[in-house]
Amino acid sequence: MTALVNPGLADELARSDGFDADACMNCGVCSAICPMGVDVEVRRLFRYVLLGMEDKVRAETERVFSCLLCRMCEENCPAGVHIAENVRTLRHHIVRTGFGLGEG
Amino acid sequence: MPLATADVIGILGDNLRLRKSVLPLSSKVTTRWTEGLGLPRGGETVLYTGMMYQLIPYIEGLVRAVDRLGDSWMGSYTKLGRRVNRLVNISAFMARPSAAERAVYDRVPIDVVHLLRRAGVRFGALYEDDLYSGALAYDLGLDEIVAEHAAKVLAAFRKHGVKQVITIDPHTTTMLRSVYPRILEGYDIGVSSYLEVLTEKGVAGNGHRVRPIDGEVVVHDSCVFARYEGVVDEPRTLLAAAGLTLRDPENAGRQTWCCGGPVESLYPAKAAANAEKRVAQLRAAGDEAVTMCPMCFVNLSSAAGSTMRFRDISEYLREAFAS
């Protein structure tokens with residue numbers, strides 16, 4: 001089993017306004033209260049980003065786009081992570097680099 | 001086979017870039033609500049719909065059409081579908097709501113006009129320059145296309161001398177108030193939702209006539225209003241002033257539960273499942289619920305069927321304050 005690692009992925013995304021996945025302490029409150037439940041599981045997505053596992057992020061495209069951006073997780077996150085904006089930043093990354101879309 | 005995620009996003013992005021809306025509609029359709037209201041064109045303060053309520057019956061029609069397509073030719077040739085869409089507005093052919101379906105949503109901005117006038121607010125409208133805000137495209141990560149589109153919206157505001165915008169739905173409110181200032185240099189437009197304006201103006205007080213509504217209603221807060229824009233007290237203040245007894249469901253206020261609408265365009269089955277969970281919460285609190293977002297209204301109404309009644313907040317307020 002191999003993994004395509006992009007060591008610069010977290011830095012690349014961190015250039016976006018407010019991307020702060022590294023503030024996540026993996027406590028699981030977000031997963032516990034997410035209306036979409038395991039369909040999203042943002043903390044796993046954030047770990048992939050922090051580990052530079054770009055192929056894993058792309059393999060989880062449906063999870064990334066299943067998030068409602070409803071901020072229920074954010075409202076209850078003890079670390080105050082900007083979860084919805086982080087997910088939106090991941091979408092922007094996938095749209096540009098995975099789908100080849102997004103140019104104005 | 002359902003449309004692939006990339007292709008749906010591609011079609012929505014192409015539409016916004018080429019036709020100024022994720023689901024392009026003719027200006028005849030988007031401005032129908034203004035007929036007979038005598039609203040001035042432009043001015044310092046305008047009521048801005050962002051086309052949201054007008055779009056919903058067409059989005060419903062499109063979702064039905066995509067559902068129907070199933071394994072049809074388009075399901076197998078989605079990339080061809082996107083190429084064709086660049087030349088021809090295929091989404092407009094697919095979504096054909098009835099006049100009755102359209103009237104349900106056109107009624108909302110009309111009710112808001114009467115409410116604002118009752119509160120003594122002077123305002124105009126932008127008619128065909130009342131453009132979609134780009135909310136869905138922004139949510140999907142099409143940032144470059146949205147930035148380009150937002151510049152067109154700002155140009156329309158400048159052209160008409162707009163300084164203050166009164167919005168109706170939460171998605172347009174958050175785009176114009178919280179997103180545009182981050183993506184547009186020099187953006188200086190003041191933005192308030194009509195619920196905030198009516199509350200501030202004290203539409204229920206100051207000697208205004210009220211026709212109280214006798215009844216109970218369950219409040220379904222919009223996620224965007226409650227958690228993005230902090231609009232939680234205003235709808236309650238207005239509904240209570242209208243005479244209604246308010247009931248909160250299990251998740252309410254800043255802990256409100258999403259209707260599922262944001263994933264409707266990509267994963268309708270997930271959106272429906274989420275809406276069913278929310279309807280169960282609302283039904284446990286009462287038989288009738290109030291929404292303040294067109295996406296919540298359509299998703300929850302559809303999930304509830306005949307088991308529960310939903311009304312947009314503007315309908316109650318019009319009945320109590322401006323009938």
Side-chain angles (χ1 to χ4, degrees), chain A residues 12-13 15-19 21 29-30 32-42 45 49 57-78 80-104, chain B residues 4-14 16-17 82 135-151 171 174 179 182-183 221-224 226-229 251 253-267 269-271 273-275 277-278 281 295:
Chain A
E12 204 177 304
L13 295 174
R15 280 200 291 272
S16 306
D17 276 351
F19 188 83
V29 167
C30 51
I33 61 167
C34 175
M36 301 302 278
V38 292
D39 277 356
V40 177
E41 214 173 9
V42 287
L45 298 172
V49 171
V57 173
R58 288 194 186 171
E60 301 285 8
T61 292
E62 183 165 339
R63 280 185 199 275
V64 175
F65 284 93
S66 291
C67 173
L68 296 160
L69 301 181
C70 74
R71 288 192 181 172
M72 176 69 118
C73 50
E74 224 172 286
E75 186 68 20
N76 294 279
C77 174
V81 179
H82 300 137
I83 301 171
E85 185 56 21
N86 289 348
V87 171
R88 222 192 53 74
T89 303
L90 281 179
R91 288 180 179 181
H92 181 228
H93 180 75
I94 290 171
V95 159
R96 275 192 313 115
T97 63
F99 298 167
L101 302 171
E103 293 309 314
Chain B
T5 302
D7 294 315
V8 173
I9 296 174
I11 287 174
L12 296 173
D14 286 343
L16 186 62
R17 189 167 51 84
R82 189 182 167 210
L136 178 57
Y138 186 73
D139 283 354
L140 293 173
L142 292 164
D143 293 18
E144 288 80 8
I145 292 174
V146 172
E148 195 178 277
H149 178 76
H171 295 271
T174 199
V179 175
R182 284 195 274 121
I183 64 175
D221 292 277
S222 138
C223 303
V224 175
R227 286 192 282 266
Y228 282 65
E229 297 301 320
N251 284 93
R254 292 187 68 97
Q255 297 293 332
T256 189
W257 188 277
C258 183
C259 69
V263 294
E264 175 78 46
S265 61
L266 294 178
Y267 310 115
K270 291 183 183 186
N274 200 75
K277 286 185 210 165
R278 180 55 169 170
Q281 286 188 336
M295 284 167 63

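What you see below is based on every heavy atom in this structure, not just the backbone, and it leaves out hydrogens, waters and symmetry mates. Below, chain A is the first sequence line, B the second, and so on; all start at residue 1.
- Contact record, A:Ser66 with B:Lys270: OG-NZ, 2.7 Å, taken as the closest heavy-atom pair.
- Heavy atoms of A:Glu62 lying under 4.5 Å from chain B belong to its backbone as well as its side chain.
- Looking at B:Pro262 and A:Leu68, their side chains come closer than 4.5 Å, going by heavy atoms from C-beta outward.
- Proximity of B:Ile9 to A:Arg91: side-chain heavy atoms (C-beta onward) are nowhere separated by under 4.5 Å.
- Comparing A:Gly98, A:Ala84, A:Pro35, A:Cys67 by how many heavy-atom pairs each has under 4.5 Å with chain B, the most go to A:Pro35.
- The pair B:Arg227-A:Glu75 fails the salt-bridge criterion, with no side-chain N (NZ, NE, NH1 or NH2) lying under 4.0 Å from an Asp/Glu carboxylate O.
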Problem set entry | Residues A:Met72, B:Cys258; criterion side chain to side chain contact (heavy atoms under 4.5 Å, CB included); working and verdict | CA-CA 8 Å; A:Met72 176 69 118; B:Cys258 183; over 6 Å; no

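- Residue with the most contacts toward chain A among B:Lys277, B:Gln255, B:His149: B:Gln255 (heavy-atom pairs, distance under 4.5 Å).
- Counting only distance, with no hydrogens or angles, the side chain of A:Arg88 and the backbone of B:Tyr138 share a donor-acceptor pair below 3.5 Å.
- Only the side chain of B:Asn274 comes within contact range of chain A, judged by heavy atoms closer than 4.5 Å.
- Taking the side chain as every heavy atom from C-beta outward, A:Phe65 and B:Val263 never approach each other to under 4.5 Å.
- Proximity to chain A (any heavy atom under 4.5 Å) is shown, for B:Ser222, by neither the backbone nor the side chain.
- For the atom pair A:Ile94 CD1 and B:Leu140 CG, the distance stands at 11.5 Å (nearest 0.5 Å).
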For this session: Begin from the C-alpha positions of B:Thr5 and A:Phe99 and carry the test side chain to side chain contact (heavy atoms under 4.5 Å, CB included) through to its verdict.
Result: CA-CA 9 Å; B:Thr5 302; A:Phe99 298 167; 4.1 Å; yes

